[in-house]
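Okay, so here's the structure we're looking at.
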Number of protein chains: 2
Amino acid sequence: MTELEQYVTSYFGVAEPEELEIISSFFKPETIKKGDYFLLTGKAADKLSFIQTGLLRVFLATENKEVTQWISTKGYFVTDLSGFIFEQPARWTIQALADTELFTIKREDYKKIGTLMSKWHELEKLFIARCFTTLEDRIFSHLSMSAEERYTLFFEHNKSLFNQVPLQYIASMLGMTPETLSRIRKK
Amino acid sequence: MTELEQYVTSYFGVAEPEELEIISSFFKPETIKKGDYFLLTGKAADKLSFIQTGLLRVFLATENKEVTQWISTKGYFVTDLSGFIFEQPARWTIQALADTELFTIKREDYKKIGTLMSKWHELEKLFIARCFTTLEDRIFSHLSMSAEERYTLFFEHNKSLFNQVPLQYIASMLGMTPETLSRIRKK
DNA sequence: GATTCTACTTGACAAAAATCAAGAACATTT
DNA sequence: AAATGTTCTTGATTTTTGTCAAGTAGAATC
């Protein structure tokens with residue numbers, strides 16, 4: 001099984017080798033350089049990718065500051081989910097934090113899968129439901145934890161990110177300032 | 001169109017009258033009294049309901065405090081989504097804040113819809129994707145706004161809740177203490 | 001190797017929010 | 001109407017987190 005097939009399997013749980021091959025064939029390799037934009041807020045969110053190497057930051061620039069929503073690394077998927085699904089302008093901007101290799105599927109091809117595989121929409125549903133659950137946990141962390149507790153929890157599960165990603169972005173993603181994160185880490 | 005059919009339509013966007021009738025027929029009226037539990041953390045999350053009258057609070061009791069995740073009113077659906085979809089124990093406890101009338105579908109009946117309507121899983125997917133987007137917005141509010149800004153935004157969109165629901169639960173749902181909410185409201 | 005740029009840290013201070021404790025307002029029951 | 005039980009408010013205080021400003025460290029560029 002190729003790495004791409006593993007990514008597809010881990011997110012969509014596709015079982016039949018033939019189906020998996022069909023789906024994977026729609027994904028095309030793509031490379032973006034550090035600093036390049038994968039997606040811009042307001043533009044068409046018409047692709048979904050798995051990250052082979054590199055790092056992408058999902059954020060939104062407001063008047064005062066940039067708010068980092070998420071950071072994706074190898075093995076993660078990346079897209080503006082609501083824009084991709086509902087064919088609406090992207091809510092997020094997505095930028096490469098390092099040179100990044102992707103496997104990308106265009107929305108038109110993604111939509112074809114649903115016509116080729118009868119159970120595809122159910123797999124999609126389960127995929128999105130897992131994304132929902134992840135966000136539910138994240139909301140809970142903001143309702144019930146201090147900045148330090150959020151940091152500790154996140155650090156336990158994402159140690160490897162801390163070598164690769166500027167801490168200011170992790171701070172933003174956890175809902176605190178870089179200074180606060182720095183002070184928490186000093187302990 | 002019955003009220004139930006309107007609820008189903010607004011969440012699942014079902015178009016054909018016959019299909020709508022089939023789906024609606026699986027929902028049964030149910031009544032729960034103020035203080036009763038709709039669902040308990042750890043128990044089977046095997047039903048999904050629309051609220052006809054009344055109020056339900058979705059929360060989790062931790063060692064220190066109860067964390068209110070959401071409050072549902074007339075026209076909203078209510079369930080433990082991840083438990084319902086993945087057939088796992090409920091993550092949340094759901095309790096009636098007032099006498100409440102519901103239309104409830106059991107999971108076994110819900111699953112039948114998928115066998116009767118070929119496009120059901122796609123509608124489900126879109127339904128859950130909208131839930132996902134709502135949570136994304138909520139995360140963003142915690143990453144980028146102060147307690148006062150979160151209150152103002154929520155109040156603008158949910159004025160009617162404030163007459164019906166004890167403010168302490170709204171405070172918890174917005175990620176602040178009842179005292180902080182009270183002080184913000186004094187202004 | 002010096003320069004520039006960026007990320008990170010640190011300190012002093014300010015603001016926001018939590019905590020603790022008391023009391024007031026309101027509804028419910030008796 | 002009195003008593004009870006919640007919920008909400010308010011004040012005093014502490015803790016947490018943010019802001020501003022300066023300085024340091026490290027990588028990248030020249």
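By convention in this document, chain letters (A, B, ...) are assigned in the order of the sequence lines, proteins followed by strands, and residues within each chain are numbered from 1.
Among the nucleotides D:dC8, D:dG11, C:dA7, the one closest to any side-chain atom of B:K186 is D:dG11. Distance from the side chain of A:M176 is smallest for D:dG18 among the nucleotides C:dA7, C:dA17, D:dG18. Across C:dA7, D:dT19, D:dT7, the shortest atom-to-atom separation from the side chain of A:R183 is found for D:dT19.
Nucleotide C:dT6 holds its C1' atom 13 Å from the CG atom of A:L167, rounded to whole Å. The separation between A:M145 atom CE and C:dA17 atom C1' is 19 Å, rounded to whole Å. Counting to the nearest Å, the C1' atom of D:dG18 and the CD1 atom of A:I184 are 12 Å from each other.
In this model, the phosphate group of D:dT17 is not approached by any side-chain N or O of A:T177 to a distance below 4.0 Å at OP1 or OP2. For the pair B:S146 and C:dA16, the criterion of a side-chain N or O lying under 4.0 Å from OP1 or OP2 is not met. Using a 4.0 Å cut-off, some side-chain N or O of A:S182 falls inside it from OP1 or OP2 of C:dT9.
Using modelled atom types, one finds no donor on one side chain facing an acceptor on the other under 3.5 Å when comparing A:S141 with A:R150.
A 6.0 Å sphere centred on NZ of A:K119 holds more than 12 heavy atoms belonging to other residues, nucleotides or ligands.
For the pair B:K47 and B:F38, the cation-pi test (distance below 6.0 Å, angle within 45°) is passed.
When the nearest nucleotides of DNA chain C are assigned to B:K65 and A:V165 by heavy-atom distance, the more 5′-ward of the two goes with A:V165.
Among the heavy atoms of the strands, none lies under 4.0 Å from B:R185.
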